[in-house]
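As a basis for the values below, the full set of heavy atoms in this structure was taken, side chains included, without hydrogen atoms, waters or symmetry mates. One-based numbering along the sequence shown.
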Amino acid sequence: LESQDTRIASAILRLGMDPSARSHHLLADAYRQAGVTDYAYKHWRLALRLDECDSRAWEGLARLWRDWGSPELALRDAHRAVYCKPYSASAYNTLGTILEALGQRQQARQSFEFALRLDAQAAVAILGQPATPDQADMPPAASLIARDPVSGLTVLRVSGDATVNLPKA
């Protein structure tokens, strides 16, 4: 796979030249997109050895657990991502998807609302136009946000709960 996937090969080469957390992020992303999630997990963990408060790595691990069908295991890592980078819309988006998967709709709503307050473009990432490769496969809960073209308001719907209109950022 490493010789056939140029993204993985490039990330491996970069890691060899620059053994940084950022290089591990790139390789973890490449493996995840290729469906080799055990290697993605390994590289998120290696990034955390270099920086214990690496929000991106905690978020990557949380997404893996969520995607593996274990949102209860993802929750701790998602909270760590938010703790390490409290103004990250992406971390709050991820936390929201995990809370939604756990049936904690009110908390999910709050997380999505905060993400949108941090970055009005976060809704674009959630709507399937990913800002990063990690956001390309957000779970169905993430499709609950839309922008009203007339009012410019962002509308948030969380499974059966009332609609919330958020002001433009």
Side-chain angles (χ1 to χ4, degrees), residues 21-22 24-26 28-33 35 37 40-41 43-45 47-48 50-169:
R22 175 73 180 134
H24 282 290
H25 297 172
L26 293 173
D29 283 339
Y31 275 124
R32 184 167 181 251
Q33 280 198 328
T37 55
Y41 179 88
H43 285 281
W44 289 128
R45 297 299 303 169
L48 286 168
L50 298 172
D51 179 1
E52 292 177 2
C53 204
D54 181 343
S55 177
R56 181 120 161 69
W58 286 118
E59 189 177 350
L61 288 171
R63 289 176 177 171
L64 285 175
W65 286 116
R66 176 200 66 202
D67 295 348
W68 285 336
S70 298
E72 67 283 355
L73 297 175
L75 190 58
R76 184 182 90 165
D77 293 343
H79 278 294
R80 284 185 178 182
V82 167
Y83 173 81
C84 290
K85 195 169 182 184
Y87 299 104
S88 168
S90 177
Y92 278 96
N93 281 341
T94 297
L95 177 59
T97 63
I98 291 164
L99 291 166
E100 174 70 12
L102 291 168
Q104 298 176 19
R105 293 182 181 96
Q106 184 60 35
Q107 294 92 333
R109 177 198 317 234
Q110 290 169 352
S111 188
F112 288 137
E113 288 174 356
F114 195 70
L116 289 169
R117 282 184 172 76
L118 290 171
D119 179 3
Q121 297 305 309
V124 174
I126 290 171
L127 287 171
Q129 299 172 9
T132 68
D134 283 317
Q135 294 170 331
D137 59 344
M138 298 289 280
S143 65
L144 303 170
I145 296 178
R147 201 175 301 277
D148 181 341
V150 176
S151 68
L153 293 176
T154 301
V155 180
L156 172 69
R157 292 181 183 83
V158 179
S159 300
D161 287 347
T163 299
V164 175
N165 292 318
L166 301 173
K168 289 186 258 185

**Report entry** 4.5 Å side-chain heavy-atom contact, Leu99 and Leu75
**Finding:** yes
**Report entry** Any Thr97 side-chain heavy atom under 4.5 Å of Phe112 side chain
**Finding:** yes
Report task. Give me the ring orientation class for Tyr41 and Trp65: parallel if the planes are under 30° apart, tilted from 30 to 60°, perpendicular past 60°. Result -> perpendicular
Query raised in the report: What are the two closest non-hydrogen atoms of His43 and Ala28, and how far apart are they?
Result: CB-CB, 3.9 Å
Report task. Check the pair Leu64 / Asp77 against side-chain contact (heavy atoms from CB on, under 4.5 Å), numbers first and verdict last. Result -> CA-CA 10 Å; Leu64 285 175; Asp77 293 343; over 6 Å; no
Query raised in the report: Cut-off 3.5 Å, side chains only: do His24 and Asp54 have a donor facing an acceptor?
Result: no
Query - Side-chain touch Leu61/Arg80, heavy atoms, less than 4.5 angstrom - result: no
Query raised in the report: Can we say Asp29 and Arg56 salt-bridge, meaning some charged N sits less than 4.0 Å from an Asp/Glu carboxylate O?
Result: yes
Requested in this report: Working to the nearest 0.5 Å, report the span between OH of Tyr87 and CZ of Phe114.
Outcome: 6.5 Å
Report task. Decide yes or no on side-chain contact (heavy atoms from CB on, under 4.5 Å) for Leu102 and Gln107, but give the supporting numbers first. Result -> CA-CA 10 Å; Leu102 291 168; Gln107 294 92 333; over 6 Å; no
Query raised in the report: In Å and rounded to the nearest 0.5 Å, what is the OG to OH distance from Ser55 to Tyr83?
Result: 12.0 Å
Requested in this report: Please report the C-alpha distance between Arg63 and Arg32 in whole Å, then the side-chain angles of each, then the deciding distance to 0.1 Å, and finally whether the side-chain contact (heavy atoms from CB on, under 4.5 Å) criterion is met.
Outcome: CA-CA 10 Å; Arg63 289 176 177 171; Arg32 184 167 181 251; 3.9 Å; yes
Query - Within residues 89-120 or reaching into it, pairs that qualify as disulfide (SG to SG under 2.5 Å) - sequence neighbours excluded - result: none
Query raised in the report: Do any N or O atoms from the side chain of Ser70 and from the backbone of Leu73 form a donor-acceptor pair under 3.5 angstrom?
Result: no
Report task. Kindly determine whether Arg105 and Arg109 satisfy side-chain contact (heavy atoms from CB on, under 4.5 Å), including the steps that lead there. Result -> CA-CA 6 Å; Arg105 293 182 181 96; Arg109 177 198 317 234; over 6 Å; no
